[in-house]
K.L.:
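This is the structure, below, for whatever I ask next.
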Amino acid sequence: MSATSLAEKWVDGTAGMTRPSNVVWCDGSKAEYDRLIEEMLRDGTLLPLNARTYPSCYLHRSHPSDVARTEQLTFICTRDKQDAGPTNNWMAPPEAKAKAGAYFDGAMRGRAMYVIPYLMGPAGSTMSRTGIMVTDSAYVVASMHIMARVGNVAMKAMRRDDDFIAGVHSLGDLSPDRRLILHFPEEKLIWSVGSGYGGNALLGKKCHALRLGSWQARQEGWLAEHMLIIGVEDPKGDVTYLAAAMPSASGKTNLAMAVASLPGWRVWTVGDDIAWIHVDSTGQLRAINPEKGFFGVAPNTSPKTNPNATAMVKSNTIFTNVALTPSGEPWWEGLTPQPPAGLVDWQGRPWRPGTPAAHPNSRFTVPVHQCPSVAPNWEEPQGVPISGFIFGSRRTKVIPLVFEAFDWTHGVFLGSAMSTETTAAITGQVGVVRRDPMAMLPFCGYNMADYFAHWLATGPRASNAPRIFRVNWFRKGEDGKFLWPGYGDNVRVLKWIVERIRGGGRAQETPIGWIPAADGLDTEGLGLSRAQVAEALRVDRGEWLQALADLGDFYDQFGSRLPQAIAATLADTRRKLGT
Ligand code: GTP
Ligand code: SPV
Ligand code: MN
């Protein structure tokens, strides 16, 4: 059999179902990207932006009902429902295929079907993985060009005839009533129909790298996580690598490219959304960023909050659902203090004050290498050595600015105990507190209880297990204002974390973990009073006991599948808080 025969057979079968007018195999070249852009400018899928101030940048306006991930339409389709677990939507594979099959049937008539071989991870890395997706959306192909390594590089990386995750994508009729995002981990297969939005449609990203990735990672003994990866450089030039999980639209991109407010400190960007982490032969945890681009949240990206991102989206960027200024520049809330006159909103209408100009989940798609803070070793095939994990979420109350787990098991418990306030990255109500273990609630492709067990088992396999920290930039005071300035000042928290990892960092023990001592955090020049810092770090026993009662209810749904160590750590924490 030739190297591509299985792939070709599968592509033929898929074309038989979707009936495109022609099939185009993508080579990943610049010429191909340019052709796609031309075509989309012609048919109005893309609008050109100001060629002088935003060269090779374009605006895409999506269907107004297709602006975020749709979790209620996302399913894990395993033979046994228990393997998807109680936190995932589940559908039996035959039923899923019958339902989506009807939407796919003839869906590409009159359109081209693009075949995109893609590689997740640096070329030459044993941690990288390959996929082949088909789509009838030129926007998806161009976005995949930016987000993944596409074309010949991927074909070359396939180790066997069947060494690919297969993905079928069609825009369908874009109706949420005929939209399904289906994962068949037992068949290494993804079916997505009815949406052109990022996480629903760029199948290498959440569908492959996280949902199917986490399934494979458990079988093969590694971790696929919703994490940024950074190198934190201290004034002596030593770099400590950290990986941080935070829910959607809750600070990963911003922390990944933070500009330190402390002299001599620097953050190097390796990744902003997904980390694949392996224990190497010496017992060191090493992480790669499987992606090659950023699909970042536009609103509130500004020279003040994220100067690196603001600079990197000035060329070769596709913007989706942002507003447009009369001079053809993109605009979103927070970019400048005042909206420019004559704005056109994300739906192409004259902007009316009091309505969103950019959609709250408007995004930019841009190559990683354009980031001014990109780490020189970000594509190193062996990845970067991870010394610490951070779990962060968006909580107005309860969760202190930063604290450290007592040990690996306690850290896994803290990750499993995360809850967060929902954001515009998912369709539904914004600001509702929900459980989001390890920021993986929407992305874990198997039973979450087994995922906790997999995490528990990974630490002991490391010769020097990373330290685990919990952070919350979003706690508010009684005046309703954030207690912590955030953004570049988050590097002050990173400094304490790095000090703790290196054996310093003043801390005090509390029932929930190690909190910075009164003089532990470097707050010089912030203008915060001691009382304000103490408030940001406060552990409220009453609030915590209440939160842990809710956590107990969450754990109960896993029944006997919940690891004993997680239940025991919860009981232990309650005991400590109660006395
Ligand atoms: P996904 O791409 O959806 O996975 O999101 P992400 O985790 O990368 O989120 P991102 O960094 O884009 O942040 C989303 C929102 O959180 C933006 O509106 C940011 O301005 C805001 N944000 C990020 N960091 C901070 C912070 O330190 N403090 C405050 N108050 N807001 C922040
Ligand atoms: C997220 O929602 O966590 C994102 C955007 O990073 S998407 O790619 O749509 O999942
Ligand atoms: Mn994400």
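Counting convention: from 1, in listed order, for ligands and their atoms alike. Note that these values count all heavy atoms, side chains included, but never hydrogens, waters or copies made by symmetry.
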K.L.:
Please verify the inter-ring angle class for Trp222 with His278; under 30° counts as parallel, over 60° as perpendicular, anything in between as tilted.
P.N.:
parallel

K.L.:
Can you name the atoms of ligand 1, numbered from 1 with element, that are less than 4.0 Å from a heavy atom of Thr253?
P.N.:
6 (P), 8 (O), 11 (O), 12 (O)

K.L.:
So which of the N, O or S atoms of Asp273 lies nearest the Mn ion (ligand 3)?
P.N.:
OD1

K.L.:
Which ligand 1 atoms are under 4.0 Å away from a heavy-atom of Pro247?
P.N.:
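Under 4.0 Å from Pro247, ligand 1 has these atoms: 7 (O).
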
K.L.:
What residue and heavy atom of the protein are closest to atom 8 (O) of ligand 2, and at what distance?
P.N.:
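Heavy-atom neighbour on the protein nearest atom 8 (O) of ligand 2: Lys205 CE, 3.0 Å.
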
K.L.:
When you measure from atom 20 (O) of ligand 1 to every protein heavy atom, which one gives the shortest distance, and what is it?
P.N.:
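For atom 20 (O) of ligand 1, the nearest protein heavy atom is Tyr487 OH, 2.6 Å.
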
K.L.:
Is the shortest N/O to N/O distance between Phe482 and ligand 1 below 3.5 Å?
P.N.:
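No: no nitrogen or oxygen of Phe482 is under 3.5 Å from one in ligand 1.
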
K.L.:
Under 6.0 Å from the six-membered ring centre of Phe474 and within 45° of its axis: does the NZ or CZ of Arg395 meet both?
P.N.:
no

K.L.:
How many angstroms lie between CD in Glu329 and OG1 in Thr336, if you round to the nearest 0.5 Å?
P.N.:
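Going from CD on Glu329 over to OG1 on Thr336, the span is 10.5 Å.
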
K.L.:
Quick one: which ligand 1 atoms are inside 4.0 Å of a heavy atom on His226?
P.N.:
4 (O)

K.L.:
Does an N or O from Ser248, backbone or side chain, lie closer than 3.5 Å to an N or O of ligand 1?
P.N.:
no

K.L.:
Does an N or O anywhere in Ala249 fall below 3.5 Å from an N or O of ligand 1?
P.N.:
yes

K.L.:
Evaluate the ring planes of Tyr451 and Tyr446, with Trp represented by its six-membered ring, and classify them as parallel (under 30°), tilted (30 to 60°) or perpendicular (over 60°).
P.N.:
perpendicular

K.L.:
Identify the protein heavy atom lying closest to atom 17 (C) of ligand 1, giving its residue, its atom name and the separation to 0.1 Å.
P.N.:
Pro299 O, 3.9 Å

K.L.:
Looking only at protein heavy atoms, identify the closest one to atom 5 (C) of ligand 2 and say how far it is in Å.
P.N.:
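Protein heavy atom with the smallest distance to atom 5 (C) of ligand 2: Arg363 NH1, 3.4 Å.
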
K.L.:
Does the N or O separation between Gly199 and ligand 2 drop below 3.5 Å for any pair?
P.N.:
yes

K.L.:
Nearest protein heavy atom to atom 11 (O) of ligand 1, by residue and atom, and its distance?
P.N.:
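Closest protein heavy atom to atom 11 (O) of ligand 1: Asn254 ND2, 2.8 Å.
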
K.L.:
So which protein heavy atom does atom 3 (O) of ligand 2 come closest to, and at what separation?
P.N.:
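Going atom by atom, the protein heavy atom closest to atom 3 (O) of ligand 2 ends up being Ser248 OG, 2.5 Å.
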
K.L.:
Taking the six-membered ring for Trp, are Tyr487 and Phe482 closer than 6.0 Å centroid to centroid?
P.N.:
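Not close enough - the centres of the two rings lie 6.0 Å or further apart.
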
K.L.:
If we count only N and O atoms by modelled type, under 3.5 Å, do the side chains of Arg211 and His183 hold a donor and an acceptor together?
P.N.:
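Short answer, yes.
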
K.L.:
What about Asn200: any of its N or O atoms under 3.5 Å from an N or O on ligand 2?
P.N.:
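Looking only at distances, the answer is no, because the N/O contact criterion of under 3.5 Å is not met.
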
K.L.:
Can you tell which of Lys206, Lys252, Arg363 gets a heavy atom nearest to atom 2 (O) of ligand 1?
P.N.:
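The nearest heavy atom belongs to Arg363.
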
K.L.:
If we count only N and O atoms by modelled type, under 3.5 Å, do the side chains of Trp268 and Ser373 hold a donor and an acceptor together?
P.N.:
no

K.L.:
Residue-level breakdown please: for Asp273 versus ligand 1, do any non-hydrogen atoms fall below 4.0 Å on the side chain, on the backbone, on both, or on neither?
P.N.:
side chain

K.L.:
Got a sec: is Ala425 within less than 2.8 Å of the Mn ion (ligand 3) via an N/O/S atom?
P.N.:
no

K.L.:
Taking the cut-offs as 6.0 angstrom to the six-membered ring centre and 45 degrees off its axis, would you call Arg363 and Phe295 a cation-pi pair?
P.N.:
yes

K.L.:
Could you establish whether Asn490 and ligand 1 come within less than 4.0 Å of each other, counting only heavy atoms on the residue side?
P.N.:
yes

K.L.:
At the 4.0 Å heavy-atom cut-off, does Ala256 count as touching ligand 1?
P.N.:
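Heavy atoms of Ala256 never come under 4.0 Å of ligand 1.
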
K.L.:
So that I can tick it off, tell me whether Lys206 and Asp273 are bridged by a salt bridge, with the cut-off set at under 4.0 angstrom between side-chain N and carboxylate O.
P.N.:
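Answer for the salt bridge query: yes.
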
K.L.:
Where on Met227 is there a heavy atom closer than 4.0 Å to ligand 1, on the side chain, on the backbone, on both, or on neither?
P.N.:
neither

K.L.:
Give the residue and atom name of whichever protein heavy atom lies nearest to atom 10 (O) of ligand 2, and the separation in Å to one decimal.
P.N.:
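Ranking protein heavy atoms by distance from atom 10 (O) of ligand 2, first comes Lys206 NZ, 2.8 Å.
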
K.L.:
Does any donor atom in the side chain of Asn490 or Arg492 lie under 3.5 Å from an acceptor atom in the other side chain?
P.N.:
no

K.L.:
For a 4.5 angstrom cut-off between non-hydrogen side-chain atoms, does Glu404 reach Trp496?
P.N.:
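With C-beta onward as the side chain, the pair touches.
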
K.L.:
Side-chain contact test, heavy atoms from C-beta onward, threshold under 4.5 Å: evaluate it for Asp436 versus Pro442 and give yes or no.
P.N.:
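Yes; the side chains approach each other to less than 4.5 Å.
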
K.L.:
Are Trp90 and Thr78 close enough that a side-chain donor and a side-chain acceptor fall under 3.5 Å?
P.N.:
yes

K.L.:
Is ligand 1 less than 4.0 angstrom away from at least one heavy atom of Gly296?
P.N.:
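Gly296: no contact with ligand 1 (<4.0 Å).
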
K.L.:
Tell me, which N, O or S atom in His226 is closest to the Mn ion (ligand 3)?
P.N.:
NE2

K.L.:
Under 4.0 Å from ligand 1, counting heavy atoms only, is it the side chain of Trp484, its backbone, both or neither?
P.N.:
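None of Trp484 does.
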
K.L.:
Is a side-chain donor-acceptor pair under 3.5 Å present for Thr74 with Glu71?
P.N.:
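No, no side-chain donor-acceptor pair sits under 3.5 Å.
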
